Each structure stands twice: as C-alpha cells, then as structure tokens.
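So you know, we letter chains A, B, ... as the sequences are listed, proteins then strands, and number each from 1. Computed from a predicted model, the values in this text were never measured in an experiment. The basis for the numbers below is simple: all heavy atoms, side chains too, and nothing from hydrogens, waters or symmetry mates.
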Number of protein chains: 2
Amino acid sequence: MNAPKPQRASRRKAGSHTIHDVAALAGVSSITVSRYFNSPDKVSAAVRERLREIIERIGYVPSQVAGGLASGRGRVVCAVMQNIASATFADLVKGMTDELQASGLQLLLANAQYSRDLEENAIRTFVGWHPRALILTRDDHTPAAEAMLRALDIPVVEAWGFVEDRPFHQVGFPHAQTGAELARHFLEQGARRVRFLLPRVGEDFRAGQRAHGYAIAMTAAGLVPDVQTADVDDDFEAGARTIAALAASPREARPQAVIFANDNMAAGAILHAPDCGMRLPDDCALAGFGDAPISVHLKPALTTLRPARYEIGQMAARTVLRMLAAQASPESAPCRELLPCELVVRDSSRVSPA
Amino acid sequence: MNAPKPQRASRRKAGSHTIHDVAALAGVSSITVSRYFNSPDKVSAAVRERLREIIERIGYVPSQVAGGLASGRGRVVCAVMQNIASATFADLVKGMTDELQASGLQLLLANAQYSRDLEENAIRTFVGWHPRALILTRDDHTPAAEAMLRALDIPVVEAWGFVEDRPFHQVGFPHAQTGAELARHFLEQGARRVRFLLPRVGEDFRAGQRAHGYAIAMTAAGLVPDVQTADVDDDFEAGARTIAALAASPREARPQAVIFANDNMAAGAILHAPDCGMRLPDDCALAGFGDAPISVHLKPALTTLRPARYEIGQMAARTVLRMLAAQASPESAPCRELLPCELVVRDSSRVSPA
DNA sequence: TTGTACGCGTTATCAA
DNA sequence: TTGATAACGCGTACAA
C-alpha cells in the first residue's frame with residue numbers, strides 16, 4: 001500500500017565514480033572504503049588488497065569537496081600575496097607549496113597587488129572556502145579584514161614582515177631594521193652623506209619601511225636623512241639616471257654612498273656608471289636589497305641584503321602545520337619566527353676616504 | 001507516542017553561519033537565500049533588501065564547499081606549473097589569476113618541477129577537486145596522466161608550448177621554431193660558426209627544443225650544429241666561463257655567434273667579457289632567450305626572444321572561460337591560440353665581417 | 001573489524 | 001515569487 005514516491009532524477013555525473021561504486025564492487029559498505037583512505041590500519045589486509053585493486057582499476061579518486069563538507073575540515077590553506085609575479089612572492093609561494101604538499105594540503109592563492117582593499121576582498125572570498133589556515137603578507141589590514149580574521153578561529157600567519165603586538169603568528173624579519181643596518185654599514189666606514197633612493201612606484205610599502213629605518217639610523221648618528229624618490233617607473237632606468245646625476249655634481253656635494261631600495265635600481269646604476277665616467281665604488285659606494293641572482297656578477301659586485309624568501313614561505317607553512325597538529329587554541333600566544341635577512345658585503349659598498 | 005529518536009549531536013561549527021541562519025533571521029526559507037546569491041532577479045526587491053542587511057550584519061559568506069558539492073560544479077580551475085618560482089611561470093600564474101578572478105573562479109596550483117611523474121601526481125590530486133577545467137604546461141604526459149585527462153570530460157589547456165595533433169587546447173608558441181629564428185638571424189648576417197649553449201641543469205626541456213630548432217636551421221644551411229652544454233649549474237657563471245673560453249681560443253676557431261639558452265647565461269657572458277678582453281659584439285655576437293628586464297640595460301644590450309608570458313596565462317584562462325560558457329562538447333575541435341614570441345634585436349647580436 | 005544512520009551546507013526539482 | 005523535499009559524496013557517532 002505504499003504510495004509510490006515520486007522518483008527524483010539522480011544528479012550524479014556520468015563517468016565519475018563514488019565511494020559507493022567502489023564499495024559495491026568490493027562487496028563491502030562504503031564506510032569501509034572511507035576507512036581505506038583515512039585509517040587503512042582499521043581495514044583488514046584482505047579487504048584492503050581487494051579495494052586497492054578495484055580503486056586502481058576504475059581510477060577512483062575521493063572527492064575533496066564531499067570529504068571537506070562532511071568532515072568540516074577541508075584540506076585547504078589560503079594565502080594572499082602582494083605581487084604573485086615578483087621573485088619575492090614567487091619564492092614565498094614555492095616555500096609554502098613545497099611544505100604543504102607533503103601534508104596533502106592545497107594552497108589557494110590570491111593576489112592583492114599591495115592593495116589593502118584587494119586583500120580584504122581576497123580574505124572574504126577565502127572565508128567561503130573554510131580553509132584550515134590563512135597566510136597573509138602584510139599586517140596592516142582594513143578594519144573589516146581585521147575583524148574577519150579575529151572571528152575566524154583558525155591559525156592566521158602574517159609572513160614576510162615581523163612586528164610586535166599582533167594577535168597573529170609572525171614569520172619574517174623587521175624591514176625597518178634592515179634599512180638601519182645598511183645605513184650603519186656606511187656610517188661605520190666614515191660616510192656622512194648617505195642617500196636612500198625609493199622607486200617611483202610606491203606600492204611596495206616595505207621599501208618605505210626600510211627607508212624609515214635608514215632615516216632613524218641617520219638621525220641617531222646626528223646626520224640628516226636624505227630620502228629621494230626616483231622619477232621614472234623602470235627600476236634599472238631610475239638607477240641609471242641616479243648615477244648620471246651624481247656624475248654631474250661636484251664630488252664634495254654628492255653623497256658618498258647610495259642605498260637603493262632594490263637590486264634592480266642598483267644594477268641600473270652599476271651598469272650605467274662607465275658611460276658617465278663614474279668609477280665604482282671609488283666615486284660612490286652602493287648597496288641594494290634582495291640579493292638578486294645577478295648582484296654577485298655585477299662589476300663591482302653588489303652589496304645587498306639577502307632575505308630568506310623561500311625559508312619564510314616554508315616556515316609560514318610549517319607554523320600552520322604545527323598549529324593544526326597542536327590543536328592549539330587561538331587564545332595561546334602567537335608564534336614568532338624571526339628569519340634571517342643577511343647583509344651580504346661585496347665590493348660595491350666600500351667607502352673611499354674623503 | 002513518538003519513540004524519542006536518539007538525539008544526534010550537531011556537528012556544526014560554532015561561529016560560522018549557514019544559509020539557514022540567514023533564512024531564519026529574515027523569515028524566509030533557505031532556498032530564497034540561495035537565490036539571493038545565484039539569481040537575485042528571482043527574489044523580490046523587499047526580501048532582497050532584508051537579506052542584504054542581515055548578511056552584511058552577521059558577515060555571512062556562502063560555503064564554496066557545500067555549494068560545489070550540491071551543484072556538481074565547483075568554482076575551481078587547476079593548473080600544473082613546472083617551476084612556480086621562475087619568472088616564466090610566475091608571469092603565467094599572474095595572467096591566469098587576473099583573468100579568472102573576475103569570474104569568481106579559484107585557481108589551484110601545483111608545482112611539477114619539470115617532472116612528468118610529479119605532473120601525474122598533481123593531476124591525480126586535482127581530479128579529487130572536481131575542477132571545472134585543467135591547465136597544463138607541457139604536452140608529453142605519462143600514459144596514466146594522458147588517460148586521466150582524456151577521461152575527464154572538462155576543458156584541458158596545454159599552455160606555453162604549441163604543438164600539432166593534440167586533443168587538448170593549445171595556447172603558446174612553438175619553441176623549436178624560435179630556436180631556428182635565432183639561428184637564421186645570425187646566418188643571414190653571414191655567420192657560419194654559430195653555437196648553441198644549453199644550461200647544465202637540463203630540466204627545462206623547452207631549451208632543448210629551441211636547441212633542436214637551431215640544429216635544424218643550421219643543417220638546412222649546410223652547416224654543422226654546435227650544441228654545447230654548460231659545465232656549471234649557475235647560469236651567470238656558465239656564461240662567464242663560456243666567454244672566457246672563447247677569449248682563450250684563436251679568432252678563426254671560435255664561433256662568430258653564440259645563442260644562449262636563456263638571458264641569464266648571456267648576461268653572465270656580457271658582464272664578464274671586459275675581464276677577458278673580449279669586445280662585444282665585435283669579438284663575438286650573442287643572443288639569449290626570455291627578455292629578462294636587465295637584458296636591455298646590458299652593454300651591449302642583449303638581443304633576445306620575448307615570449308608573451310603574461311598573455312599566455314591570460315589567454316589560457318580565457319580559453320577556459322570560453323569553453324565553459326559555450327558548454328562546448330569535448331568532441332569539438334580544440335582551440336589553437338598562437339601567441340607571439342618576438343625577436344628583439346639589440347646590439348649584442350651584430351655579426352662582424354669575417 | 002565492519003556496518004547503520006544521519007548530518008555537513010548547499011542546490012535541483014517540483015509544486016504552489 | 002516562494003517553498004518543501006531530496007540529493008550531492010563523504011565522514012562521524014554509535015552499534016554490532
């Protein structure tokens with residue numbers, strides 16, 4: 001007497017197998033197949049072998065989507081980069097993926113292009129993916145983003161920079177201090193006139209932080225900071241113009257040393273120096289930032305700072321894994337991983353006696 | 001007289017809202033909230049406004065995981081890169097994300113490090129995510145990978161290279177032809193002795209393809225190909241050693257032109273040339289590949305090939321979007337998008353009269 | 001070691 | 001325009 005229930009059309013996609021298909025073929029229940037993947041030791045060796053063969057034969061792959069929904073813990077970690085295509089962030093990404101891959105976690109990437117608003121958008125999108133953790137690459141979020149992060153209840157890592165008094169894990173190095181370190185490198189050699197050159201495109205706010213550190217160090221030494229900004233977008237060209245301008249001014253008036261905000265600007269200066277009759281480092285000492293592959297091959301070889309890019313990405317991922325393994329409550333104190341940003345002294349930064 | 005059903009503990013996570021929470025607050029059913037996001041025009045303006053306010057207030061974000069499972073169409077596109085941290089692949093990734101982001105599609109990345117086996121692993125992992133499309137960066141997959149791809153029933157794009165007779169969409173350029181183009185550039189200037197220098201680390205098989213194209217062009221001109229391999233890993237160092245070796249051999253014996261497999265090797269040669277007393281391009285003409293930012297600033301400026309990296313990534317994503325929009329059956333002929341790889345002639349490649 | 005029942009948060013289908 | 005119901009594919013809780 002059963003009223004025939006209206007038969008719903010199955011929404012299943014053809015071609016794709018499910019855990020039930022495997023179970024049916026093996027003559028076991030689907031939960032056994034689930035255990036085969038998630039805790040194989042709870043399945044008898046005989047069944048295990050039978051399942052292995054069937055899974056291999058039909059090419060079954062468990063659905064991450066269904067699994068993530070059912071368990072409430074998807075295998076996803078999200079990261080917001082500031083400029084995916086730059087060497088810095090590409091190296092960070094490689095460090096993260098190398099580390100996460102082994103744990104079966106997928107990295108979801110977004111690109112914020114140094115914009116706080118784009119970062120907020122990315123975070124909002126990521127919330128919908130219910131990630132296990134979030135990796136960011138700045139610490140000055142929009143209020144809305146900051147509110148979302150605090151409400152999230154998952155590990156949040158701020159990588160690349162390294163600041164005090166944040167509620168989130170820090171993995172990186174303090175940028176301002178590295179700027180100061182370069183300044184002192186020149187001051188200790190007796191230089192008094194040291195300039196800092198920022199790129200015209202100001203989106204990389206870390207460069208500004210390094211300039212700030214430089215300014216502090218200069219002031220502390222009783223000197224006047226001399227921060228200038230390039231007048232062209234292309235970093236190499238900016239460096240070339242800088243050295244040309246120096247060549248045109250009398251020796252007593254020009255800086256004894258120039259700190260470029262990045263290696264490309266410094267490389268532009270070094271490559272163009274012969275054309276202006278500037279002999280480096282005798283006529284002017286130089287330093288850069290980033291330890292670009294070419295910096296050691298320039299003549300003179302470029303003094304620069306070497307941030308542990310790959311290692312920061314790796315450590316950010318490792319911190320995520322540690323927090324997930326520890327089931328750490330978000331209340332516990334955030335991790336603080338200080339990674340090296342080494343001063344690499346080469347020929348370009350030798351200050352000539354006045 | 002209802003037998004009290006054993007009350008199951010809810011597995012819901014605290015803090016996170018669901019579509020039902022929103023529905024309850026608004027006094028509508030959950031499907032209406034679903035419609036608010038997926039087809040707002042089917043919801044009355046009054047309800048729409050009420051929902052907007054509530055969603056904003058509690059910070060609700062729809063679950064991509066649940067939505068993907070229910071609809072069978074997750075908002076995911078997967079891409080397998082060969083070396084995430086290299087400028088080439090970083091630019092490709094940026095092109096893809098820029099294009100996909102606007103469509104609300106998430107890019108899942110994997111790194112195969114030029115290994116076919118790692119690529120197969122990545123594809124297998126990606127299958128579990130039920131992506132809407134797959135973007136690969138080579139065309140010579142393992143048999144198992146090839147089988148998976150053919151069974152997948154989603155758009156598959158092979159980007160960066162560009163070959164014939166593949167069942168998948170092609171977006172890129174033919175690498176062998178660009179090698180031949182460089183060879184002809186020198187042959188047309190009257191050079192007879194032209195060398196091709198490969199990096200020692202042979203993982204970038206595209207360089208090998210360019211060398212092959214070079215060899216064909218040389219043979220076609222009745223000349224003997226001269227493909228050599230660097231004896232150090234560092235590309236700059238390899239270039240420097242090459243120029244030093246040339247300087248040590250008599251002019252009649254050494255090549256009139258050298259094609260370096262990438263710009264870094266060529267840059268190493270140019271930077272080291274003055275130290276060996278080599279005057280470029282008079283003593284030897286040079287060319288590279290990749291149009292690195294520095295190539296135009298070297299002295300002499302480097303002749304090189306400029307692949308449309310970003311545009312290839314962009315076009316790969318665009319092809320994916322087109323196929324998804326068209327609901328194209330996998331049977332229809334694959335797209336073929338040939339993107340430019342322009343020869344950029346600068347001073348370094350001027351061949352001196354014999 | 002294996003199985004049953006149900007829930008995860010959303011969307012497709014059908015009905016009103 | 002709105003809603004009730006079932007289904008997506010899997011994991012958890014509990015029972016056997």
- prompt: Nearest to the side chain of B:Y60, which nucleotide is it out of C:dG3, D:dG3, C:dT10?
  reply: C:dT10
field: Atom-pair distance (CD on A:Q64; C1' on D:dG11), nearest Å
entry: 13 Å
- line: Those residues at least two apart in sequence (or on a different chain) that pass salt bridge (Lys or Arg N to Asp or Glu O under 4.0 Å) with A:R138 are A:D140
task: Might you work through the ring-ring contact (aromatic ring centres under 6.0 Å, His included) test for A:Y60 and A:Y36, ending with a clear yes or no?
output: CA-CA 13 Å; A:Y60 169 74; A:Y36 171 85; 9.4 Å; no
- request: Taking the side chain as every heavy atom from C-beta outward, state whether A:E146 and A:F168 have any atom pair closer than 4.5 Å.
  value: yes
field: A:F37 CZ to D:dC10 P, straight-line distance once rounded to whole Å
entry: 9 Å
task: Could you state the atom-to-atom distance from CD1 of B:I58 to C1' of C:dG9 in whole Å?
output: 14 Å
statement: To the nearest angstrom, the CD1-P distance between A:I31 and D:dG11 comes to 7 Å
task: May I have the distance from B:H17 (atom NE2) to C:dT10 (atom C1'), rounded to whole angstrom?
output: 17 Å
task: Send over the distance from B:L69 CG to D:dC10 P, rounded to a whole Å.
output: 9 Å
statement: Against the side chain of B:S63, the closest entry in C:dT11, C:dT2, C:dG9 is C:dG9
- request: Mind checking B:G72 for me? I need base, sugar-phosphate or nothing, with any heavy atom below 4.0 Å counting as a touch.
  value: nothing
query: Starting at the 5' end of DNA chain D and moving along, which residue's nearest nucleotide shows up first, B:A70 or B:G27?
result: B:G27
- request: Check the distance between D:dC14's C1' and A:R35's CZ and give it to me in whole angstrom.
  value: 11 Å
message: Need to verify one output field. Residue with the more 5' nearest nucleotide on DNA chain C, B:V65 or A:S44?
response: A:S44
A:S29 side-chain N/O to C:dG3 phosphate OP1/OP2 under 4.0 Å: yes
query: Looking at C:dT11, D:dT12, C:dA12, which one has an atom nearest to any side-chain atom of A:R73?
result: D:dT12
task: Name the closest nucleotide to the A:S71 side chain, picking from D:dT12, C:dG3, C:dT2.
output: D:dT12
query: Distance check: side-chain N/O of A:R75 vs OP1/OP2 of D:dG11, anything under 4.0 Å?
result: no
- request: Can you figure out which of C:dT10, D:dC10, D:dT12 approaches the side chain of B:P62 most closely?
  value: C:dT10
message: Any base atoms under 4.0 Å from A:D21, or only sugar-phosphate, or nothing? Heavy atoms, all strands.
response: nothing
message: What is the distance, to the nearest angstrom, from the NZ atom on B:K42 to the C1' atom on C:dC14?
response: 13 Å
message: Is the shortest side-chain heavy-atom distance between B:L100 and B:L321 below 4.5 Å?
response: yes
message: Taking salt bridge (Lys or Arg N to Asp or Glu O under 4.0 Å) as the definition, give me every residue that meets it alongside A:E120, ordered by chain and number, with sequence neighbours left out.
response: A:R124
